[in-house]
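Everything below concerns the one structure shown next.
Residue numbers count from 1 along this sequence.
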Amino acid sequence: MDLADEQGIDAVTMRTLAKHLGIEAASLYNHVRGKDDLLDAMTELAIGEIETPAEGTPWKEAMRRRAISAREVFTRHKWASSLIDSRNRTGPVSIGYVDRVLGILIGAGYSPAQAAVAFVVVDGYIYGFERQRVSIGTDGDDEATEAAQEILEAIPDGGFPNAMKVAAEFAATPFDTDAAFEFGLGLILDGLERQLGSE
């Protein structure tokens with residue numbers, strides 16, 4: 001995980017990891033079967049860092065805290081969201097995590113099928129938001145302002161007036177990714193709450 005944090009997930013090869021640890025690559029095979037086994041273990045560790053609030057926490061607050069915690073994990077480990085999303089998550093940590101989240105939703109009154117859909121909807125938002133953040137390269141307010149400035153410079157005079165207005169806004173006032181994330185998350189959770197109340 002340290003190697004991936006420092007150099008990116010593509011740097012995680014058996015040879016590079018062995019060098020990073022100061023051992024022979026063959027020694028790693030005493031601990032993992034290969035790179036896939038290693039990536040699965042990294043997935044388990046990253047998922048294990050995501051908070052799932054204690055039983056008794058109101059479902060909406062629990063889902064909000066879980067989503068914010070996932071974003072914090074993805075900020076610490078920039079590789080984690082894409083790795084988690086691409087792996088077969090059948091390890092005990094992953095299954096336990098899914099079980100706890102489904103338990104929160106079923107405990108709130110959702111049927112098992114509705115709980116699964118609600119889980120997918122919230123996670124789709126979390127992972128989609130993370131991918132968008134990574135794709136536009138905004139790791140902080142300064143980078144977001146720079147990205148907006150680059151967009152402004154790329155727009156020809158008189159062209160794309162709506163994009164120009166938005167880019168000008170964010171070039172002057174940094175885009176608050178945390179506020180944007182929580183705004184969208186609130187909309188989703190409010191919609192799920194309305195759906196639950198209408199059953």
Worked verdict on W79 versus F74 for ring-ring contact (aromatic ring centres under 6.0 Å, His included): CA-CA 7 Å; W79 48 268; F74 300 156; 9.3 Å; no
Path from I68 to L105 over hydrophobic side-chain contacts below 4.5 Å: yes
Nearest atoms (heavy-atom pairs only) where A46 meets I84: CB-CD1, 4.0 Å
Nearest-0.5 Å distance, CG of residue D85 to OG1 of residue T43: 10.5 Å
T173 side chain to F170 backbone, donor-acceptor under 3.5 Å: no
Reported CZ-to-CD1 distance for the pair R64 and I188, which is rounded to 0.5 angstrom: 14.0 Å
Closest approach of I106 to A115 (non-hydrogen atoms, all atoms of both residues): CG1-CB, 3.7 Å
Spacing of CD1 belonging to I95 relative to CG belonging to L102, to within rounding of 0.5 Å: 11.5 Å
Any donor-acceptor N or O pair under 3.5 Å, side chains H20, Q7: no
Main-chain N/O of E51 paired with Y97 side-chain donor or acceptor, under 3.5 Å: no
Close side-chain approach of F119 and V121, heavy atoms under 4.5 Å: no
CD (E24) with more than 12 external heavy atoms under 6.0 Å: no
Same cluster (ILVMFWY, side-chain, under 4.5 Å), V166 and M164: no
Gap between atom OH of Y125 and atom CD of E130 - 0.5 Å precision: 11.5 Å
Pair R89, S94: side-chain N/O donor-acceptor within cut-off below 3.5 Å: no
K35 atom NZ, neighbour heavy-atom count above 12 within 6.0 Å: yes
Worked check of side-chain contact (heavy atoms from CB on, under 4.5 Å) between T52 and V101: CA-CA 7 Å; T52 47; V101 174; 3.9 Å; yes
Heavy-atom side-chain contact between D40 and E44 under 4.5 Å: no
R100 bridged to E55 by N-O distance under 4.0 Å: no
Axial cation check for F181 ring with R71, 6.0 Å and 45° limits: yes
Flag side-chain contact, heavy atom, 4.5 Å: M1 against R76: no
Nearest heavy atoms of M42 and I9, plus distance in Å: CE-CD1, 3.7 Å
L83 and H77: CA distance, side-chain angles, deciding distance, side-chain contact (heavy atoms from CB on, under 4.5 Å) verdict: CA-CA 10 Å; L83 183 65; H77 308 300; over 6 Å; no
Minimal non-hydrogen separation, A118 against L192, with atom names: CB-CD2, 3.9 Å
pair I104-T57: side-chain heavy atoms closer than 4.5 Å: no
Value rounded to 0.5 Å, distance of CZ in R87 from CD1 in I47: 11.0 Å
Check: D5 and K78 side chains under 4.5 Å, non-hydrogen atoms: no
Check: S86 side chain, S82 main-chain N or O, donor-acceptor pair, under 3.5 Å: yes
Neighbour count above 12 (heavy atom, 6.0 Å) for D10 CG: no
Pairwise distance OG1(T16) to CG(L3) - rounded to 0.5 angstrom: 6.5 Å
Basic-acidic side-chain contact under 4.0 Å: D123, R66: yes
Considering all heavy atoms, the nearest V12-A4 contact: CG2-CB, 3.8 Å
Heavy-atom pair with the smallest gap, counting every atom of L189 and K60: CD1-O, 3.7 Å
Steps toward side-chain contact (heavy atoms from CB on, under 4.5 Å) verdict (M14, Y29): CA-CA 9 Å; M14 298 301 276; Y29 292 95; 3.5 Å; yes
Same apolar cluster (I L V M F W Y, side chains within < 4.5 Å links), F175/L187: no
